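So the structure is just underneath, and the comments pick up after that.
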Amino acid sequence: MNASFKYIFDKLSTAYPEREARAIARLVLETRFGLTQVDICMGRERTFSLEERRDLENIVKRLSQKEPVQYVLGQADFCGRTFSVAPGVLVPRPETEELTKWIIRDEKESGFSLPCILDIGTGSGCIAITLSQELPQAQVSAIDISPQALAIARENAERLGAAVDFRHQDILDSPSKRQDSPLWDIIVSNPPYICEHEREDMEENVLRYEPSQALFVPDHDPLLFYRAIGEYAVKMLKEGGRLYVEINRAYGRETARFFQHLGLRDIIVRKDLYGNERMVRCRK
């Protein structure tokens with residue numbers, strides 16, 4: 001066994017299940033220190049400089065405290081691209097990749113000629129940037145309430161060469177009352193949707209390190225953001241425009257009923273790869 005792999009695995013094995021500790025150890029060596037999976041499996045060694053050894057020790061210390069490996073390494077993969085992430089933004093999830101790919105498939109199959117797209121609550125920018133690059137004819141904008149998130153999103157867009165217009169805006173700030181003309185062909189959002197009472201079922205690393213502002217809604221108002229997004233979409237989507245949202249699996253039907261109440265149509269609730277109701281698409 002590769003000595004550096006064994007060192008990381010041994011240090012993490014008390015804090016993580018064996019399979020997860022192995023996966024993290026491989027990811028650290030591949031991402032930060034350039035070892036391939038073949039190198040690790042064949043037990044090939046490399047010489048670490050003093051600075052690298054200090055870096056490795058710091059990485060292991062942070063991981064042992066259950067800090068997400070994506071924050072420790074400063075990056076996460078999403079739809080085949082690598083995004084910078086930090087504690088000010090959520091770590092991109094596979095479910096959000098599914099939502100993004102749904103939009104891309106729909107647009108390529110039917111599509112607007114020059115779609116105008118808005119990503120609400122962009123975080124790291126992973127949805128907006130992916131859409132901009134996969135749909136190069138699109139004009140993509142994105143908003144977020146967090147200046148820190150917007151800084152990270154802009155950095156990602158610049159590094160990946162994506163043309164996205166990022167703006168500071170709170171979707172809860174009565175957007176539906178504004179008298180603007182319809183702007184968007186597509187609106188997408190992965191808003192906060194985890195109820196406070198669900199904290200007890202969540203992983204420690206999420207609770208300790210990921211931004212609560214991007215995760216939680218009050219128990220008494222689980223559809224808080226969907227009301228604001230839905231009302232905004234009814235006003236600001238062009239006729240025939242589509243709304244896509246990621247949802248709490250416990251509130252799929254309630255979310256769909258609310259959108260129907262607003263007058264949105266062709267509502268589809270879709271399950272993720274784990275069989276949970278996780279996405280909704282509807283049309284104006």
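Keep in mind it's a predicted model, so treat the numbers as computed, not measured.
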Next on the checklist: Could you work out, with side chain to side chain donor-acceptor pair (under 3.5 Å) as the rule, every residue matching Arg167, not counting sequence neighbours?
Outcome noted: none

Item to check | Heavy-atom pair of closest approach, residues Tyr244 and Asp106 | outcome: OH-OD2, 2.7 Å

Item to check | Inter-residue atom distance Arg32.CZ - Gln75.CD, 0.5 Å rounding | outcome: 8.0 Å

Item to check | side-chain contact (heavy atoms from CB on, under 4.5 Å) partner of Ser141, the single match among Leu183, Leu118, Ile120 | outcome: Leu118

Checklist entry - In chain order, what residues pass the side chain to side chain donor-acceptor pair (under 3.5 Å) check against Asp144, with sequence neighbours excluded? => result none

Item to check | Close side-chain approach of Val69 and Thr31, heavy atoms under 4.5 Å | outcome: no

Checklist outcome for this item: Closest non-hydrogen atoms of Phe83 and Ser124, given as atom of the first, atom of the second and distance, are CD2-O, 4.3 Å

Checklist entry - Rounded to the nearest 0.5 Å, what separation is found between the CD atom of Gln137 and the CG atom of Leu114? => result 7.0 Å

Item to check | Closest contact, heavy atoms only, Leu224 versus Pro218 | outcome: CD2-CD, 4.2 Å

Checklist outcome for this item: Sequence neighbours excluded, the answer for side-chain contact (heavy atoms from CB on, under 4.5 Å) partners of Gln213 is Ile145, Ser146

Checklist entry - Residues in salt bridge (charged side-chain N to carboxylate O under 4.0 Å, His left out) with Glu95, at least two apart? => result none

Checklist entry - Hey, is NE2 on His197 packed in by over 12 heavy atoms from elsewhere, all under 6.0 Å? => result yes

Next on the checklist: Would Arg46 pass as a cation-pi partner of Phe48, given that its NZ or CZ must be under 6.0 Å from the six-membered ring centre and within 45 degrees of the axis?
Outcome noted: yes

Checklist entry - Can you check whether Phe78 reaches Thr100 side chain to side chain, under 4.5 Å on heavy atoms? => result yes

Checklist entry - Does Met42 sit in a hydrophobic cluster with other residues, and if so which ones, taking ILVMFWY side chains as linked at heavy-atom separations under 4.5 Å, directly or through other members? => result Val38

Checklist outcome for this item: Hits for side-chain contact (heavy atoms from CB on, under 4.5 Å) against Gln139, two or more places apart or cross-chain, chain-then-number order -> Cys116

Checklist entry - In Å, rounded to the nearest 0.5 Å, how long is the span from CG of Asn190 to CD1 of Ile247? => result 11.0 Å

Next on the checklist: With rounding to the nearest 0.5 angstrom, report the OH to CZ distance, Tyr251 to Phe258.
Outcome noted: 15.0 Å

Item to check | Heavy-atom side-chain proximity of Val245 to Phe259 below 4.5 angstrom | outcome: yes

Item to check | Shortest non-hydrogen contact from Asp219 toward Glu196 | outcome: OD1-N, 2.9 Å

Item to check | Taking every non-hydrogen atom, the tightest pair across Cys126 and Thr130 | outcome: O-OG1, 2.6 Å

Checklist entry - With a 4.5 Å limit on heavy-atom distance, are the side chains of Pro94 and Leu273 in contact? => result no

Checklist outcome for this item: Correct closest heavy-atom pair for Cys79 and Lys101 would be SG-CE, 4.0 Å

Item to check | Residue Gln260 excluded, over 12 heavy atoms near CD under 6.0 Å | outcome: no

Checklist entry - Mind checking what makes side chain to side chain donor-acceptor pair (under 3.5 Å) contact with Ser212, not counting sequence neighbours? => result none

Next on the checklist: Asp201: which residues meet the salt bridge (charged side-chain N to carboxylate O under 4.0 Å, His left out) condition with it, sequence neighbours left out?
Outcome noted: none

Checklist entry - Hey, what else clusters with Val91 if you join Ile, Leu, Val, Met, Phe, Trp, Tyr whenever side-chain heavy atoms sit under 4.5 Å? => result Tyr71, Val85, Val89, Ile152, Tyr209

Next on the checklist: Tell me which pairs pass side chain to side chain donor-acceptor pair (under 3.5 Å) where either residue lies in residues 7-17, with sequence neighbours left out.
Outcome noted: Lys6-Asp10

Next on the checklist: Checking the side chain of Glu98 only, and the main-chain atoms of Arg278 only, is there a donor and an acceptor separated by less than 3.5 Å?
Outcome noted: no

Checklist outcome for this item: Rounded to the nearest 0.5 Å, the CG atom of Leu243 sits from the CE atom of Met236 at a distance of 13.5 Å

Next on the checklist: Donor-acceptor pair, distance only, cut-off 3.5 Å: does the side chain of Arg159 make one with the backbone of Thr82?
Outcome noted: yes

Next on the checklist: I'd like to know whether Trp102 forms a side-chain contact (heavy atoms from CB on, under 4.5 Å) with Ile268, so could you lay out the CA-CA distance, the side-chain angles of the two residues, the decisive distance to 0.1 Å, and finally the verdict.
Outcome noted: CA-CA 12 Å; Trp102 191 8; Ile268 295 175; 4.1 Å; yes

Checklist entry - Between Asp55 (side chain) and Glu52 (backbone), is there a donor-acceptor pair under 3.5 Å? => result no

Item to check | Which residues share a side chain to side chain donor-acceptor pair (under 3.5 Å) with Glu155, sequence neighbours left out | outcome: Ser84

Checklist entry - Taking the side chain from Arg44 and the backbone from Leu35, do they hold a donor-acceptor pair closer than 3.5 Å? => result no

Checklist entry - Is the count of non-hydrogen atoms from other residues, nucleotides or ligands lying under 6.0 Å from Arg19 atom CZ greater than 12? => result no

Next on the checklist: By the definition side-chain hydrogen bond (donor to acceptor under 3.5 Å, both in side chains), identify the one residue from Arg249, Arg253, Arg270 that meets it with Glu277.
Outcome noted: Arg253

Next on the checklist: Is it the case that the side chain of Asp272 and the backbone of Gly275 share a donor-acceptor pair, with hydrogens and angles ignored and the cut-off at 3.5 Å?
Outcome noted: yes

Item to check | Side chain Glu20, main chain Pro17, donor-acceptor under 3.5 Å | outcome: no

Next on the checklist: Using the salt bridge (charged side-chain N to carboxylate O under 4.0 Å, His left out) definition, which of the options Lys284, Arg281, Arg283 pairs with Asp266?
Outcome noted: Arg283

Item to check | Glu18 vs Arg22, salt bridge (charged side-chain N to carboxylate O under 4.0 Å, His left out): CA-CA, chis, key distance, verdict | outcome: CA-CA 6 Å; Glu18 179 179 341; Arg22 289 182 178 276; 3.3 Å; yes

Item to check | Straight-line distance of Ile103 CD1 to Ile127 CD1, nearest 0.5 Å | outcome: 6.5 Å

Item to check | CZ (Arg53) with more than 12 external heavy atoms under 6.0 Å | outcome: no

Checklist entry - When you look at Ile117 and Asp185, which way does the side-chain contact (heavy atoms from CB on, under 4.5 Å) test go after all the steps? => result CA-CA 6 Å; Ile117 301 174; Asp185 298 295; 5.9 Å; no

Checklist entry - Side chains of Val188 and Leu131: closer than 4.5 Å at any heavy-atom pair? => result yes

Checklist entry - Who pairs with Ala142 by side-chain contact (heavy atoms from CB on, under 4.5 Å), at least two apart in sequence or on another chain? => result Asp119, Thr122, Ala128, Val164, Phe166

Checklist entry - Is the shortest heavy-atom distance from the side chain of Glu210 to the side chain of Gln70 under 4.5 Å? => result no

Checklist entry - Taking the side chain from Asn248 and the backbone from Tyr193, do they hold a donor-acceptor pair closer than 3.5 Å? => result yes

Checklist entry - With a 4.5 Å limit on heavy-atom distance, are the side chains of Lys66 and Glu203 in contact? => result no

Next on the checklist: Contact between Glu97 and Pro92 at the side-chain level, heavy atoms closer than 4.5 Å - yes or no?
Outcome noted: no

